[in-house]
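Below is one structure; the comments refer to it alone.
When a residue number appears, it is its place in the shown sequence, counting from 1.
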Amino acid sequence: MIGGVITVVGLIVTRMPGAMQPSLPLPDQITLPEGVSAQAFTQGPAWYAIVTSDDRILIFERKTGALRQEIRITPGSVAQ
């Protein structure tokens with residue numbers, strides 16, 4: 001039983017540092033259009049997306065930082 005506890009503690013200690021690091025690196029710098037602020041951020045393997053304060057989703061290339069796609073969010077009715 002003591003060996004099991006030591007094993008579990010050892011696994012937690014050795015695995016936790018890897019779990020705390022992001023799986024994908026964050027971009028060093030994000031350039032948004034003037035007058036726009038970021039509301040949310042998400043990422044994929046080759047892109048990252050910013051939800052802006054003016055109701056747009058801006059999708060950027062991870063390697064170059066170039067704008068790949070812009071999606072306008074339009075208000076709609078909420079389903080109940």
Side-chain angles (χ1 to χ4, degrees):
M1 199 151 150
I2 293 172
V5 171
I6 291 172
T7 301
V8 169
V9 170
L11 286 173
I12 290 173
V13 168
T14 58
R15 303 289 178 167
M16 284 302 279
M20 301 304 275
Q21 297 173 353
S23 58
L24 295 171
L26 296 174
D28 293 332
Q29 182 176 337
I30 297 171
T31 305
L32 296 175
E34 188 151 340
V36 175
S37 62
Q39 299 295 310
F41 173 85
T42 191
Q43 60 184 336
W47 56 269
Y48 58 90
I50 308 291
V51 179
T52 65
S53 57
D54 62 350
D55 295 329
R56 291 185 289 168
I57 302 172
L58 304 175
I59 302 173
F60 296 91
E61 292 285 336
R62 180 173 295 283
K63 288 183 180 178
T64 64
L67 182 64
R68 178 194 279 186
Q69 187 176 2
E70 178 179 328
I71 303 167
R72 173 90 35 205
I73 303 169
T74 57
S77 60
V78 177
Q80 292 188 21

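Residues meeting the side-chain hydrogen bond (donor to acceptor under 3.5 Å, both in side chains) test with Glu61, sequence neighbours left out: Arg68.
When all heavy atoms are compared, the tightest approach of Thr31 to Phe60 is O-CZ, 3.9 Å. Here the closest heavy-atom approach between residue Pro45 and residue Arg62 is recorded as O-NE, 3.3 Å.
Atom CD1 of Ile50 is separated from atom CD of Glu70 by 13.0 Å, given to the nearest 0.5 angstrom. Taking CD from Gln39 and CG from Asp54, the interatomic distance works out to 9.5 Å, rounded to the nearest 0.5 Å. In this structure, the separation between CD1 on Ile71 and CZ on Arg56 is 12.0 Å, given to the nearest 0.5 Å. Atom OH of Tyr48 sits about 10.0 Å away from atom CG of Leu58, to the nearest 0.5 Å.
Side-chain atoms of Ser53 come within 3.5 Å of backbone atoms of Ser37 as a donor-acceptor pair (strictly under, hydrogens ignored).
In this structure, Leu67 is a member of the same hydrophobic cluster as Leu32, with clusters built from ILVMFWY side-chain heavy atoms closer than 4.5 Å. Each of Val51 and Val36 belongs to its own hydrophobic cluster when Ile, Leu, Val, Met, Phe, Trp and Tyr are linked at side-chain heavy-atom distances under 4.5 angstrom.
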